[in-house]
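Everything quoted here is computed from the prediction, not taken from an experiment.
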Amino acid sequence: MRHVFRSRIRLIFIVIVLLIALLAVRLYYLQVMKSADYALQAQHQYVNTSQQLYDRGAIYFTRKDGTLISAGTLATGFLVAINPEKIGDPETAYGILSEHLTLAHDAFIQHAEKQNDPYEVIADHVPEEQGNALQAQHISGVSVIRERWRLYPAGESAAQSVGFVAYNDDNSIAGRFGLERYYESTLARDGNGLFGNFFAQLFADIGNSLVDVRAAREGDVITSIEPVVQEKLDETLSAINAKYHSQETGGIIMDPKTGAIVALQTVPTFDPNDFSQTNPAYFANHLVERRYEFGSIMKSLTVASGLDAGVITPTSTYNDTGCIVVDTKRICNHDLIPHGTTSVQQLISQSLNVGASWIATRLGHDRMKKYFTSLGMDTETGVDLPSEIKGTLANLTTRDVDYDTASFGQGIALTPVEMIRALGALANDGSIVTPHLATGIRLSSGITRTLSWGEPERVFTSQSVVGTTNILVTAIDTALLSGKAKTPEMSVAAKTGTAQIASPLGGYYPDRYFHSFFGYFPAHDPKFIILLYTREPQNVQYASETLTGSFVDLVHFLTNYYSIPPDRATYHDTNN
């Protein structure tokens, strides 16, 4: 009996200790970790009890060393409002205010003359120093109110993907594009948690914080975007777009083994800190919201499919006649030249359409379409960006010519993120992954919940990937710009693509092109895969001219920045 009694006493004691520890942790969280927020809210409510101080979770980029860099945060300053009934002499008030604020005289006088309105906002987002100086003036009828607003320190970097917040029709503020919109339920704050009654905060939702899935999702979004790499990609794409006067230029850099996107961008872009003056067309993220016919980079996947199916080998040859007629349609190489007995290597090195068509014929309709759908074409990728659309393989029905043209990237259209997912199979031992930006959610407790993006899905065998990779490496080393694109210390697998742009009236424009370039490195243990494109570059026809230099420059930059060791067994430093 005494033993049972002692056991109960111990149990009660343990429960009491646990409750005390839990209360202590809660008090530390509220009084220390959140003390600055409480102080700020107190100041705000002192001068304006009717307005809730804006609150929202943060978005972070991640440096290569794991340091978090703010991409979307809250700035603190002041809002200045006047009560026209108490302002006294408007001219005198304007004179004092204009010493600290940039105010239009006539507009201020109009506000000051509205005698039936006790609250007229004349300035917002006022910096700390100016706001404090105004508070010290104690101007009659003037309220200097604490406020917070959304700030994007990265400016234009990855702007379409980060997105921004704005007012909805119901006058609420919410994420409108990019990560801000996709993770709205994670980033949004209802204002009832942090600034509620102290003791209500102390005891509320203690159980739910441990078990409620919705509560566990609320926090800050941590992304895989590396700010230094992002800045380099921004500069690269802007330079391409300016040099060739393109309609649009875009790019993605991704870890092919995990799907984590390190950098992404399209230009023209915008500054989310001042989006009201921007063409709204720039808000859309073309990496997930627009389809393109990518051209000859598709030949890499056609060759891999042929090798995987066993209908060709790396040493296979065919008779290249320069042009063929399929279903009454003429298909030709870009040079219109018959190359005679031609190897698979030359098919890629010289980017021969007739050779790709030959592989499509050997694959057959069902098998070729199965490979393309297994690569994720014609499906959304699941990337964590809003408004994603899927590509289309609608042309792949019963006509041979449609499969032949699809083999070299015409007649089928994919989004850039869909394209890099498919090509990523070549850089990930034959498996596709889910492209994504967010890697974790940092909860208000400080704990980071790692996000899971599913398991890789195998499409090709390792052997077929190695064969394709060897062909792509040889093409870069020997054929692209006559071998000038070769990186002596690093094996790089890559392919260019040049596609005519479809006309809405049918057929293709004879002088409008879509250029693309993809590659991964080190070729047999890839750390990165890169996809670049530019739409309608002027006075230039081939992607080898517009994108090769930029791609090679990015390879060198990433190699140096991440200290990727050379992988060429025969590499020697010519400086020694």
Side-chain angles (χ1 to χ4, degrees), residues 56-75 150-165 175 177-183 186-187 219-241 249-275 282-283 285 287-288 383-385 416-417 420 435-442 448 450-451 453 521 527-532 550-551 553-564:
R56 188 173 179 84
I59 299 173
Y60 291 102
F61 294 162
T62 306
R63 287 285 298 267
K64 65 176 182 178
D65 62 1
T67 303
L68 299 183
I69 305 297
S70 180
T73 187
L74 295 175
R150 201 58 162 169
L151 179 68
Y152 301 96
E156 295 184 355
S157 278
Q160 291 104 339
S161 298
V162 172
F164 58 84
V165 295
F177 293 90
L179 294 166
E180 290 278 25
R181 175 179 167 188
Y182 191 91
Y183 288 101
T186 298
L187 296 167
D220 302 327
V221 176
I222 299 172
T223 77
S224 53
I225 297 175
E226 212 289 345
V228 177
V229 179
Q230 181 65 52
E231 183 179 4
K232 176 64 175 179
L233 182 63
D234 294 341
E235 293 172 356
T236 299
L237 299 179
S238 295
I240 294 169
N241 211 65
T249 302
I252 305 173
I253 302 175
M254 186 179 82
D255 179 343
K257 297 176 182 176
T258 66
I261 294 174
V262 180
L264 71 172
Q265 181 72 303
T266 62
V267 293
T269 185
F270 67 99
D271 185 347
N273 295 300
D274 189 25
F275 60 85
Y282 296 163
F283 298 158
N285 192 336
L287 299 175
V288 297
V383 67
D384 47 342
L385 288 170
V417 74
I420 200 170
H436 59 273
L437 281 74
T439 58
I441 304 298
R442 189 173 69 178
T448 297
T450 301
L451 298 180
W453 292 98
F521 68 97
K527 301 298 186 291
F528 297 103
I529 182 170
I530 302 172
L531 175 67
L532 303 176
S550 297
F551 173 82
D553 183 49
L554 284 171
V555 170
H556 291 164
F557 168 79
L558 291 167
T559 299
N560 293 330
Y561 185 60
Y562 286 93
S563 301
I564 302 173

Do Val162 and Pro272 have side chains that get closer than 4.5 Å, going by heavy atoms?
no

Nearest heavy-atom pair of Ile59 and Arg150: which atoms, and what distance?
CG1-NH2, 4.1 Å

To the nearest 0.5 angstrom, please state how far the CG atom of Leu451 sits from the CG atom of Asp384.
8.0 Å

What is the distance from atom CG of Leu558 to atom OG of Ser563, rounded to the nearest 0.5 Å?
11.5 Å

Separation between CD of Glu235 and CD of Gln265, rounded to the nearest 0.5 Å:
11.5 Å

Taking side chain as C-beta onward, heavy atoms only, is Thr269 less than 4.5 Å from Tyr282?
no

Inter-residue atom distance Phe61.CZ - Glu226.CD, 0.5 Å rounding:
10.0 Å

Minimum side-chain heavy-atom gap Tyr60-Asp220 below 4.5 Å:
yes

Strictly distance-based, threshold 3.5 Å: is any side-chain N or O of Thr67 a donor or acceptor partner for the main-chain N or O of Arg63?
no

Which heavy atom in Val417 sits nearest to a heavy atom in Ile420, and how many Å separate them?
O-CG2, 3.3 Å

Here the pair of heavy atoms bringing Pro256 nearest to Lys527 is CD-O, 3.6 Å

Would you say the ring centers of Phe528 and Tyr562 fall short of 6.0 Å from each other?
yes

Residue from Asn285, Leu264, Leu385, Leu287 passing side chain to side chain contact (heavy atoms under 4.5 Å, CB included) with Gln160
Asn285

Hey, does the Lys NZ or Arg CZ of Lys64 hover above the aromatic six-ring of Tyr561, less than 6.0 Å from the centre and inside 45° of the axis?
yes

Is the backbone of Thr223 close enough, under 3.5 Å, to the side chain of Thr62 for a donor and an acceptor to pair up by distance?
yes

Is it the case that the side chain of Asp255 and the backbone of Ala260 share a donor-acceptor pair, with hydrogens and angles ignored and the cut-off at 3.5 Å?
no

Testing the basics here: between Leu233 and Gly251, what is the closest heavy-atom pair and its distance to 0.1 Å?
CD2-O, 3.7 Å

Take Val288 and Val383, measure what side-chain contact (heavy atoms from CB on, under 4.5 Å) needs, and give me the verdict at the end.
CA-CA 8 Å; Val288 297; Val383 67; 3.7 Å; yes

Check: Asn241 side chain, Leu237 main-chain N or O, donor-acceptor pair, under 3.5 Å
no

Write down the atom of His436, the atom of Ser224, and the distance for their closest heavy-atom approach.
O-OG, 3.8 Å

Is there side-chain contact between Ile530 and Phe521, with at least one heavy-atom pair below 4.5 Å?
yes

Take atom CZ of Phe270 as the centre, draw a 6.0 Å sphere, and report whether it contains more than 12 heavy atoms from other residues, nucleotides or ligands.
yes

Value for CG (Leu532) from OG1 (Thr236), rounded to nearest 0.5 Å, stands at 8.0 Å

Euclidean distance, Ile222 CD1 relative to Leu68 CG, rounded to 0.5 Å:
5.0 Å

Over 60° means perpendicular and under 30° means parallel, so classify the ring planes of Phe164 and Phe177, tilted if in between.
tilted

Nearest heavy-atom contact between Tyr183 and Ala438 is OH-CB, 3.2 Å

Mind running side-chain contact (heavy atoms from CB on, under 4.5 Å) on Leu179 and Leu437 for me, showing each step along the way?
CA-CA 9 Å; Leu179 294 166; Leu437 281 74; 4.1 Å; yes

Before you tell me yes or no, could you show the steps for Val221 and Thr186 under side-chain contact (heavy atoms from CB on, under 4.5 Å), namely the whole-Å CA-CA distance, both residues' side-chain angles and the distance that decides it to 0.1 Å?
CA-CA 8 Å; Val221 176; Thr186 298; 4.1 Å; yes

Could you check whether any side-chain N or O of Asp271 sits under 3.5 Å from a backbone N or O of Glu156, counting only pairs where one atom can act as donor and the other as acceptor?
no

